[in-house]
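Quick note: numbers below take in every heavy atom, side chains included, and nothing from hydrogens, waters or symmetry partners.
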Amino acid sequence: MKAIITVTGKDKVGIISLVSTECAKNGANIIDISQTVMKEFFAMTMLVEIDGLADRFASFASDMQKMGIENGVDIRVMHEDIFNSMHRI
């Protein structure tokens, strides 16, 4: 199973490290990553494999969002099922 992680906010040192470290701690494997800085704004999208998550997906998503708030960025984690269900419409 896969998930998409999006990260947006003001650019600062360490955002990629913060998110990738948390993914590794939780057993989420980063498959692909795209990031850009537009003026002073940071935007990143990650595709992660979540079969090895140490905890439930909902807990992982919630913890990532809380970590983002604590660090001044918006982090969203969306399960691939959201995108797969859109395709069926």
Rounded to the nearest 0.5 Å, what separation is found between the CG atom of Asp74 and the CD atom of Gln65?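 Going from CG on Asp74 over to CD on Gln65, the span is 6.5 Å.
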From Arg76 atom CZ to Ile4 atom CD1, the distance as rounded to the nearest 0.5 Å: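 Taking CZ in Arg76 and CD1 in Ile4, the distance rounds to 15.0 Å.
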Which ILVMFWY residues are connected to Leu53, directly or by a chain of links, through side-chain heavy atoms under 4.5 Å apart? Met1, Ile5, Val7, Ile15, Ile16, Leu18, Val19, Ile30, Ile33, Val37, Phe42, Met44, Met46, Val48, Ile50, Phe57, Phe60, Met64, Met67, Val73, Ile75, Val77
Of all pairs that satisfy salt bridge (Lys or Arg N to Asp or Glu O under 4.0 Å), the ones with a partner from [range], not counting sequence neighbours:
{"range": "residues 23-34", "answer": "Glu22-Lys25"}
{"range": "residues 41-53", "answer": "Lys2-Glu49"}
{"range": "residues 6-15", "answer": "Lys10-Glu40"}

With sequence neighbours excluded, what pairs up with Asn71 under the side chain to side chain donor-acceptor pair (under 3.5 Å) test?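 Testing Asn71 for side chain to side chain donor-acceptor pair (under 3.5 Å), a comparison that skips the adjacent residues, returns none.
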Not counting sequence neighbours, which residues clear side-chain contact (heavy atoms from CB on, under 4.5 Å) with [X]? List them please.
{"X": "Ser34", "result": "none"}
{"X": "Asp55", "result": "Ser59"}
{"X": "Ser62", "result": "Lys66"}
{"X": "Ala24", "result": "none"}

May I have all residue pairs that pass ring-ring contact (aromatic ring centres under 6.0 Å, His included) and include part of residues 4-35, sequence neighbours excluded? none
